[in-house]
Protein chains: 2
Amino acid sequence: MAKIITVNTNGIRAAARKGFFDWLPKQDADVVCIQETKAQVDQLEDPVFHPQGYHCYYNDAIKKGYSGTAIYSRVKPRKVISSLGWDPADSEGRYLQADYDGLSVISLYMPSGSSSEAVQAKKDRFLELFLDHLKVLRRKRREFVICADWNICHREIDLRNWKSNQKNSGFLPHERAWLDTLYDEVGYIDSFRLINQDSDQYTWWSNRGQAWANNVGWRLDYQVITPKLGDKVLSADIYKDERFSDHAPQIMEYDFDIKG
Amino acid sequence: MAKIITVNTNGIRAAARKGFFDWLPKQDADVVCIQETKAQVDQLEDPVFHPQGYHCYYNDAIKKGYSGTAIYSRVKPRKVISSLGWDPADSEGRYLQADYDGLSVISLYMPSGSSSEAVQAKKDRFLELFLDHLKVLRRKRREFVICADWNICHREIDLRNWKSNQKNSGFLPHERAWLDTLYDEVGYIDSFRLINQDSDQYTWWSNRGQAWANNVGWRLDYQVITPKLGDKVLSADIYKDERFSDHAPQIMEYDFDIKG
DNA sequence: CTTATCAAG
DNA sequence: CTTGATAAG
């Protein structure tokens, strides 16, 4: 059994202040994927950022306080890959991959497109290049669990106000179509939907207004898996009892073991 | 009887959050001089920044969130002067003068010199030019109350750790000599010292460390008056019961009336 | 350590 | 609205 958690911390130091590292050991996770660390490695020298029992890997953005991913792994990976060979994936530390025996776990932070047309164009370009990468991964003799803040909702059920958000980044028709392609053509599976078919649960609530209080959320974070793992998903839960950031942790249990 | 209060708010909006404008009306002051408003006029449109019963004057720095002075006056001044004709006094909104019948009250924010040698040089230049201005004022047929964060301690009694601060901005020999000149040659009087001869009271405590808790302070704020007002000082107090900023308000009572 | 601004989400 | 960087004190 493998327990894999993914969470966008919106600043790993801020999440730490809110008790994230008190909560984490209690989860007994095998792999923890983090997005938006918003910190450089030299700002994370404090032992709290290297929890006991885990091998910790960080991938920073060049720009301070921006983006960044991490993977904490109980088993030492055979290899850790932090480069896709193209920017801004590399220069913004948006990708981190831990390779185990026959399995890889990826922590990905997809660009947001909400700030302007220019950043949406950047997101669209990222989607295009990353889809190519995902296709390449499908050809490997290896299974993948891609833990990400995808910054896209697939269907109407995935966000509270789908009608009013059809022209907003994260629920644009071409973004949804990108996920259609990912699932229907490239063959990946959204592990959350495998378990919770008709459940309108969200993983992100804006900090503005009363989004959290009114549960005006979006399901932006999920673990996408290769087809052979489709019958291995034991549970898929969103942790909302505490709030470490504007995103909630995704906790998935799989019927396989992670071997280094 | 005239009650004149001066205080460096270290951000008038922050001071407001800490209850400054709840405290102020209870003081029944005739004139209130403020330094370090750190806000532009258009950021102070809320009525709290225009307390009932006062004519309010603000002088901003060009740079947002930096410096800035204010005067609140119960009696409407005959004239309000916000320019000394030179920078950075004008461009940083460091000077504001309210003219009444035979008396002027000034709100002044002296530059700090603690950040670098370059800012100390700027402070020194300001001291030089401002001394000229103060000499000019002495020639007027008018009394002056200069309410300021002077950013200088005069004597050893004026700061907790005078020995270790002899090479630090605010207690440099030439800064202290500048005050010697102001008092001994130009003839101004520090109204606080007139009342509290040997009292080691401070008006500013660093936010760093435990300065406030340990009363490691500096007397940087005081009301400097022209000689003819020397026998008019009724009381001079530092208000420490509440904390609106890193500086404490100076409350002085004078045996004269402010007439518009 | 605290103010405030700014970029980004 | 919130994180984090930066400037300034």
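Not measured: the values here are computed from a predicted model. First the proteins, then the strands, lettered A, B, ... as listed; each starts at 1.
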Exercise for the section: Please list, by residue number, the residues of residues 36-48 of chain B whose heavy atoms come closer than 4.0 Å to an atom of DNA chain C; answer none if no residue qualifies. Expected result: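 Contacting residues: B:K38, B:Q43.
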Whole angstroms only, please: what is the [atom1]-[atom2] distance between [X] and [N]?
{"X": "A:D221", "N": "C:dG9", "atom1": "CG", "atom2": "P", "answer": "15 Å"}
{"X": "B:Q210", "N": "C:dT2", "atom1": "CD", "atom2": "P", "answer": "10 Å"}
{"X": "B:W205", "N": "C:dC1", "atom1": "CH2", "atom2": "C1'", "answer": "16 Å"}
{"X": "A:D246", "N": "C:dA8", "atom1": "CG", "atom2": "P", "answer": "17 Å"}
{"X": "A:E117", "N": "C:dA8", "atom1": "CD", "atom2": "P", "answer": "16 Å"}
{"X": "B:N8", "N": "C:dA4", "atom1": "CG", "atom2": "P", "answer": "12 Å"}
{"X": "A:M110", "N": "C:dA8", "atom1": "CE", "atom2": "P", "answer": "19 Å"}
{"X": "A:N207", "N": "C:dG9", "atom1": "CG", "atom2": "C1'", "answer": "9 Å"}

Go through the structure and list residues passing side-chain hydrogen bond (donor to acceptor under 3.5 Å, both in side chains) with [X], not counting sequence neighbours.
{"X": "B:W205", "result": "B:N215"}
{"X": "B:D124", "result": "B:Q120, B:H174"}
{"X": "A:Y95", "result": "A:Q97, A:H133"}
{"X": "A:S67", "result": "none"}

Exercise for the section: Using the test salt bridge (Lys or Arg N to Asp or Glu O under 4.0 Å), find all partners of B:D246 that sit at least two apart in sequence or belong to another chain. Expected result: none
Exercise for the section: Any salt bridge (charged side-chain N to carboxylate O under 4.0 Å, His left out) involving residues 159-181 of chain B? Give me the pairs, sequence neighbours left out, ordered by first then second residue. Expected result: B:K123-B:E175
Handout entry: salt bridge (charged side-chain N to carboxylate O under 4.0 Å, His left out) contacts in which one or both residues fall within residues 34-48 of chain A, not counting sequence neighbours
Key =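 The answer is none; no pair qualifies.
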Practice task
Mind checking B:R243 for me? I need base, sugar-phosphate or nothing, with any heavy atom below 4.0 Å counting as a touch.
Solution key: nothing
Handout entry: ring-ring contact (aromatic ring centres under 6.0 Å, His included) involving A:F20 - partner list, sequence neighbours excluded
Key =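 Counting only residues at least two positions away or on another chain, A:F20 forms a ring-ring contact (aromatic ring centres under 6.0 Å, His included) with A:W23, A:F244.
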Exercise for the section: Please name all residues satisfying ring-ring contact (aromatic ring centres under 6.0 Å, His included) with B:F49, sequence neighbours left out, ordered by chain then number. Expected result: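 Result, ring-ring contact (aromatic ring centres under 6.0 Å, His included) vs B:F49: B:F21.
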Practice task
Please tell me if the side chains of B:R219 and B:L159 come closer than 4.5 Å, counting only heavy atoms from C-beta onward.
Solution key: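 No, every pair of side-chain atoms sits at 4.5 Å or beyond.
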Exercise for the section: Please check the phosphate of C:dT5 (OP1 and OP2 only) for any side-chain N or O of B:R13 closer than 4.0 Å. Expected result: yes
Problem - Given DNA chain D, 5'-ward residue of the pair A:R208 and B:K63, judged by closest heavy atom - result: A:R208
Fill in the blank from the handout: Ranking A:A14 and B:V119 by the position along DNA chain D of their nearest nucleotide, the one closer to 5' is A:A14
Problem - Residue A:E128 excluded, over 12 heavy atoms near CD under 6.0 Å - result: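 More than 12 within 6.0 Å, yes.
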Exercise for the section: Answer with yes or no after comparing the ring centroid distance for B:Y183 and B:H154 against a 6.0 Å cut-off, counting only values under it. Expected result: yes
Exercise for the section: Go through C:dT3, C:dA8, C:dT5 for me and flag the one nearest to the B:K18 side chain. Expected result: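 Closest nucleotide among those given: C:dT3.
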Problem - Segment of DNA chain D, first to last nucleotide, that comes within the 4.0 Å heavy-atom reach of chain B - result: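 Nucleotide range in contact with chain B: D:dA7 to D:dG9.
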Problem - Within residues 171-178 of chain A: residues closer than 4.0 Å to DNA chain D (heavy atoms) - result: none
